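All remarks here apply to the structure that follows.
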Number of protein chains: 2
Amino acid sequence: MKPQGKKKATIYDLSVLSGCSASTVSAVLNGTWRKRRIKESTAELIQSLAEQHQYTANLQARGLRNSRSGLVGLLLPVHDNRYFSSMAQTFEAQVRSHGKCPVVVSASRDPQEELATVETLISYSIDELFIAGATDPDSVHGLCEAAGIRHINIDLPGTKAPSVISDNYQGARLLTQAIIKRFDDAEAPLRPQELFLFGGRNDHASRERIKGFRDIKTELLGHDSDDCIQPTGYSPGMTQKAFEAFYEREGKLPRGLFINSSINFEGLLRFMAQHPHETFADIVVGCYDYDPFGSFLPFPVIMIRQDTESMLAKAFELIEETRPAVKIHLIQPELVHPRTALKGPLDSIRDIDA
Amino acid sequence: MKPQGKKKATIYDLSVLSGCSASTVSAVLNGTWRKRRIKESTAELIQSLAEQHQYTANLQARGLRNSRSGLVGLLLPVHDNRYFSSMAQTFEAQVRSHGKCPVVVSASRDPQEELATVETLISYSIDELFIAGATDPDSVHGLCEAAGIRHINIDLPGTKAPSVISDNYQGARLLTQAIIKRFDDAEAPLRPQELFLFGGRNDHASRERIKGFRDIKTELLGHDSDDCIQPTGYSPGMTQKAFEAFYEREGKLPRGLFINSSINFEGLLRFMAQHPHETFADIVVGCYDYDPFGSFLPFPVIMIRQDTESMLAKAFELIEETRPAVKIHLIQPELVHPRTALKGPLDSIRDIDA
DNA sequence: CTTTTTTGCACAATCGATGGTGCAAATAAT
DNA sequence: ATTATTTGCACCATCGATTGTGCAAAAAAG
């Protein structure tokens with residue numbers, strides 16, 4: 001029928017048109033009509049009217065009534081890096097496959113903003129919340145708990161709700177080992193003071209990665225000292241400064257670099273922009289995060305791809321449970337060798353014309 | 001006060017607690033109380049009660065009543081590439097600064113999914129919609145129009161709503177010119193059959209870019225033939241195949257490559273993974289999209305950074321207008337030379353501990 | 001000490017959908 | 001033909017917030 005002037009049709013409009021009551025219309029349109037013993041012919045009539053008038057339910061009204069909204073939220077620290085944006089992509093696909101509506105929001109790794117954002121989501125009667133990389137997962141838990149909203153931590157664990165995170169310790173060991181191995185047939189063997197870790201802050205992920213780094217480094221190279229760890233926060237700018245400072249001091253970069261995340265890796269890019277190719281002639285970089293372009297830089301870049309699909313799948317599984325245990329589920333990440341272009345969530349979406 | 005057992009406080013709860021009517025409570029808490037001549041002391045009482053009981057308005061109820069929700073939507077084709085994810089990031093910042101709540105969803109460049117997603121958003125009484133990179137902006141317009149929702153196209157233009165897009169023609173000229181210039185002091189000059197365009201499909205952006213590419217190429221190199229244009233859709237897999245096919249046929253890659261988007265660039269990465277460094281020894285790549293890691297690949301990569309901030313700013317400006325003209329606003333993109341690490345939206349978020 | 005004006009707030013309808021309850025008509029059982 | 005069931009649906013309260021309207025009490029004007 002015509003695209004209507006302005007206002008959307010409601011069950012009351014259809015009620016008038018069909019001669020049935022609004023409750024009948026409602027039942028027909030939300031599928032509960034068999035349970036309510038509505039005649040099949042009545043249902044058909046109403047359905048065809050609904051179609052003609054392009055009826056779609058007002059989800060705010062429905063949500064108000066059932067205090068559910070059909071929305072499932074993903075709280076992200078930031079959008080614009082490959083780790084989180086590909087998480088968003090898989091999240092959307094999984095939520096849709098459950099027949100719900102995904103909502104992705106970021107809170108800039110700011111505890112205040114995290115809480116404010118979650119409050120807003122709760123006010124919209126969001127049904128479930130996936131909390132990824134929150135600085136303060138337990139406070140967020142507090143809000144969800146009070147509102148009776150199922151929630152789960154991803155990427156960074158909390159102590160009050162179940163968490164699904166990648167096995168940072170193991171991943172860091174893998175990555176560090178791979179970096180070291182790269183020097184196996186170098187003319188000069190890698191010395192402990194030549195292998196540094198840059199980036200991260202005092203969060204669970206960083207701590208675990210640092211532990212893994214130090215453990216395997218000590219195992220393989222015999223020694224590790226505190227000054228080989230340079231936490232810079234999750235900021236490209238600070239990371240760049242750290243590299244500049246190091247370079248100023250030492251006249252060169254460490255031969256082996258463990259970079260805590262792709263965001264920190266961008267700090268290295270900024271440093272690179274200021275220095276000639278030779279500066280990077282024989283370095284090996286390991287980055288705890290995968291970025292397809294990062295994998296093809298002019299020096300060997302070994303990366304860790306966190307398995308966001310498995311993490312989210314596990315998270316969905318747990319969030320469905322009635323009383324999930326408050327424990328941390330570790331998902332194994334994957335080591336990605338230099339010059340590797342992995343497939344991603346985009347590969348599963350069809351592209352029409354070529 | 002205590003975090004409450006389960007249910008959130010409503011104006012009715014506060015109404016009882018304060019001895020005032022619900023309408024008074026409502027007025028106090030939504031700021032209209034002066035207009036309603038509520039005594040200041042009453043307002044203070046209610047506000048303090050609200051704080052004690054951690055009252056937050058049920059936004060679904062409010063939205064139902066005003067048929068507005070405070071939500072502003074951004075419809076994206078996909079999340080996981082730097083162009084769209086950084087668009088999401090700036091979008092969120094801008095929406096928040098307007099006191100609204102951002103909602104970002106992707107629709108996989110699938111016209112069906114686009115419409116379904118927008119219908120859902122409309123059912124939540126979203127206030128405004130930014131339609132980015134939609135395959136079928138005009139159908140989306142239809143839905144918004146019928147629902148009386150302000151909307152605007154970004155990145156890909158429609159014919160029925162105002163659009164803000166980057167100047168693809170001009171950008172493509174810039175980029176192509178920069179590619180050609182790179183060969184100025186090469187031993188062998190670049191011949192027209194050595195400069196190819198890969199990627200894109202039959203959308204407005206691709207068409208404009210192809211036009212810009214061909215125009216300047218003809219101007220500078222004297223000739224351009226149809227087979228130098230290889231549209232592959234927006235899919236890494238298809239793009240890879242196109243490169244493989246070309247390589248199979250010609251035994252090498254073109255010396256000059258114009259790649260239509262970072263998504264297509266990922267197709268080149270996949271190709272690269274299959275071939276040794278030498279294959280890329282003297283190629284020059286121009287990519288219509290900026291990715292910081294892409295900028296540092298082992299061969300010269302010239303990129304175009306689309307100015308998402310300006311695009312969104314302009315879009316916000318237009319969407320506020322009562323009757324914005326249905327026209328296309330062009331935003332100039334920026335040429336980014338190889339080995340450049342630009343700042344992005346992440347730089348404006350503070351990082352607490354270093 | 002009236003009359004007018006202002007102040008301060010309560011009432012009740014409304015937004016659209018849902019679901020428990022009740023009840024008449026149709027059908028089946030006796 | 002009478003009672004018991006089943007069928008098919010209407011009625012109405014409800015979710016929480018908003019807002020136009022109305023009306024006492026208090027203050028000001030006379």
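These numbers were taken from a predicted model, which means no experiment stands behind them. Protein chains get the first letters and strands the later ones, always in sequence-line order, with residue 1 at the start of each.
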Sugar-phosphate only, base, or nothing, as touched by B/Arg37 at under 4.0 Å among non-hydrogen atoms: base
Minimum-distance nucleotide (side-chain atoms of A/Arg36 versus C/dT18, C/dT21, D/dG20): C/dT21
What contact category does B/Thr32 fall into here, base, sugar-phosphate, or nothing, at under 4.0 angstrom with non-hydrogen atoms? nothing
Considering all heavy atoms of both residues, which atom of A/Asn81 and which atom of B/Ser85 are nearest to each other, and what is their separation? N-OG, 4.4 Å
Just N and O in the side chain of B/Arg62: are any of them under 4.0 Å from OP1 or OP2 of D/dT18? yes
Within the structure shown, what part of the strands sits under 4.0 Å from A/Ser67 by heavy-atom distance: base, sugar-phosphate, or nothing? nothing
Quick one: is B/Tyr124 getting a side-chain N or O under 4.0 Å of the C/dG16 phosphate, OP1 or OP2? no
Is any side-chain N or O of A/Thr42 under 3.5 Å from a base N or O of D/dC9, one able to act as donor and the other as acceptor? no
Heavy atoms only, 4.0 Å cut-off, all strands: where does A/Ser26 land among base, sugar-phosphate and nothing? base
Atom of A/Ala27, atom of A/Asn30 and distance for their closest heavy-atom approach: O-OD1, 3.2 Å
Atom-to-atom span, CG of B/Leu59 to C1' of C/dC15 - whole angstrom: 15 Å
Check this one for me: any side-chain N or O of B/Asn66 less than 4.0 Å away from OP1 or OP2 of D/dA17? no
Check this for me, if you would: do A/Glu145 and A/Lys160 make a salt bridge, where the nitrogen-to-carboxylate-oxygen distance has to be below 4.0 angstrom? no
Among the candidates D/dT18, C/dG16, D/dG16, find the nucleotide nearest to the side-chain atoms of B/Asn58. D/dG16
I want to confirm an ordering. Mapping A/Thr24 and A/Tyr12 to their closest nucleotides on DNA chain D, which one lands closer to the 5' end? A/Thr24
